[in-house]
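Beneath this line is the structure, given in structure tokens, with notes to follow.
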Amino acid sequence: MNVQGKALRTIFLADDDWRVTIIDQTVLPHQFQLLHLSSLSDMATAISDMQVRGAPLIGAAASYGMALAMREDASDTMLVNAYNTLLATRPTAVNLHWALNEMKAVLVTLSEDQREQAAYQKAAELCDEDVAICSAIGDHGLPLIESLWQAKEKKASSEQRVNILTHCNAGWLATVDWGTALSPIYKAHNAGIPVHVWVDETRPRNQGFNLTAWELGQHGVPHTIVVDNVGGHLMQHGQVDMCIVGTDRTTRTGDVCNKIGTYLKALAAFDNHIPFYVALPSPTIDWSIRDGVADIPIEERSSREVTHIVGRTQQGNIQEIQIAPDNSAAINYGFDVTPARLITGLITERGVASRTVNNVNSKDDAGLEAPLAQLFSDKLPKNR
Ligand code: MRU
């Protein structure tokens, strides 16, 4: 995607060909700052402090974290330590486990002197794969937007744009390139379809207004920021044609764990008969679990993210201020689970897994499990 008119990925090697360059997402949209990471500990901190975030990018970053670790020390002890350190950075996004397992599978078979080079090579491959997957998600999501646009174009009374609501940041910044939820939107915009995005602010980290609004702006996609509670109202007034969100972990039955607040958007969309799609790369599917509410670990972050907010002062400095009373307790759940029954379809790199009937209360509704399994029959665990 473009930053100041130039195509850029969110993670790449520095000019010295070994340090890992990332965009510091904690200072966007006020500053665009690249950071060069040179150790396992730099990468673990970057992931846990959310300098890089978003499920696919967390996976990509962890794979380069393994490469940096192998450069420091390619012993078996370091391999185990790096795997465990990176795994502990964020609990919910399953792409982290997936990427670390991919790296480990390659590295354990090699001697110490082969590991550094192989780790860099595998990390680069995983990043390229993420770009291809996210681009394909865009290609499969585009026809959904196209058909909404064709229907609207025919009705002279309709507003002549497709209004799409998204939550959090599931865009280019959450992946290596393209994004998941935003990939179909970029493809539609590039194809000349007039799309307009409602950007949920996404308290408490504000990934919506800090990141989604910024990256849509960089690419010239029309958008409007709304506070988190506005979505239902917009839906009741015909202002939302579809919702597309990302996910950090999806069960084999199609339950979706995504940024806190996604569930409420899905409920409102369901009540207003608005299509609610989730865009996901297959490494985000956890085939080992069926019940998202019971089985997905929900990250709980510092309450300070709720009681304080970061912004730019009139003098141009980035500053944190307290917004809550001194002694009030606060709790900060990072994610929630949207049950598959509220989801219209899952947009994947292999196509869209959609329910076969519109009425989820119908006995004919087979849910999302069968369509998802059909797309990924080669990835289903053998013993289940
Ligand atoms: O806490 P974050 O910012 O890492 O959460 C990100 C999200 O919830 C995204 O929607 C999800 O990772 C999908 S990203 C393509």
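Values reported hereafter were calculated over all heavy atoms of this structure, with side chains retained and with hydrogens, waters and symmetry mates removed. Ligands are counted one by one from 1 in listed order, and the atoms in each one are counted from 1 as well.
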Self-check item: atom 14 (S) of ligand 1 [closest protein heavy-atom partner, distance rounded to 0.1 Å]
Solution: Ala174 CB, 3.5 Å
Exercise. Is it possible for you to check whether Lys154 lies under 6.0 Å from the centre of the six-membered ring of Trp149, through NZ or CZ, and within 45° of that ring's axis?
Key: no
Quiz item: Does ligand 1 have an atom that lies less than 4.0 angstrom from a heavy atom of Leu211?
Solution: no
Exercise. State whether a side-chain donor-acceptor pair under 3.5 Å links His196 with Thr224.
Key: yes
Quiz item: Can you tell me if Asn95 and Thr284 form a side-chain donor-acceptor pair at under 3.5 Å?
Solution: yes
Exercise. Check if Pro56 has a non-hydrogen atom at a distance under 4.0 Å from any atom of ligand 1.
Key: yes
Quiz item: Cationic tip of Lys265 within the cone over Phe276's six-membered ring, i.e. under 6.0 Å and within 45° of the normal?
Solution: no
Quiz item: Under 3.5 Å, is there a donor-acceptor pair between the Asn258 and Tyr263 side chains?
Solution: no
Quiz item: Starting from atom 15 (C) of ligand 1, which protein heavy atom do you reach first, and at what distance in Å?
Solution: Thr180 OG1, 2.9 Å
Quiz item: Among side-chain atoms of Thr85 and Asn81, is any donor-acceptor pair under 3.5 angstrom?
Solution: yes
Quiz item: Of the listed options (Gln207, Arg90, Met50), which comes nearest to atom 4 (O) of ligand 1 when hydrogens are ignored and any heavy atom counts?
Solution: Arg90
Practice problem: Output yes when the distance from some N or O of ligand 1 to some N or O of Gly54 is under 3.5 Å, and no in every other case. | Solution: yes
Practice problem: Could you check atom 10 (O) of ligand 1 against the protein and tell me its nearest heavy-atom contact, residue, atom and distance included? | Solution: Asn258 OD1, 2.6 Å
Quiz prompt | Residue portion contacting ligand 1 (non-hydrogen atoms closer than 4.0 Å) for Thr284 | solution = neither
Exercise. Check each atom of ligand 1 against the heavy atoms of Ala55 and keep those under 4.0 Å away; list them by number with element.
Key: 12 (O), 14 (S)
Self-check item: Atom indices of ligand 1, in the order listed, that fall short of 4.0 Å to a heavy atom of Cys168
Solution: 5 (O), 6 (C), 7 (C), 8 (O)
Self-check item: Side-chain donor-acceptor contact under 3.5 Å, Arg53 with Gln25
Solution: yes
Self-check item: Ligand-side contact atoms (ligand 1) for residue partner Ala170, heavy atom cut-off under 4.0 Å
Solution: 10 (O), 14 (S), 15 (C)
Quiz prompt | For atom 11 (C) of ligand 1, closest protein heavy-atom neighbour | solution = Asp248 OD1, 3.1 Å
Self-check item: Identity and separation of the nearest protein heavy atom to atom 5 (O) of ligand 1
Solution: Lys259 CE, 3.3 Å
Self-check item: Within-4.5 Å side-chain heavy-atom neighbours: Trp214 and His30
Solution: no
Quiz item: What part of Thr247 sits under 4.0 Å from ligand 1 if we count only heavy atoms: the side chain, the backbone, both or neither?
Solution: backbone
Quiz item: For Asn190 and His219, does a side-chain donor sit closer than 3.5 Å to a side-chain acceptor?
Solution: yes
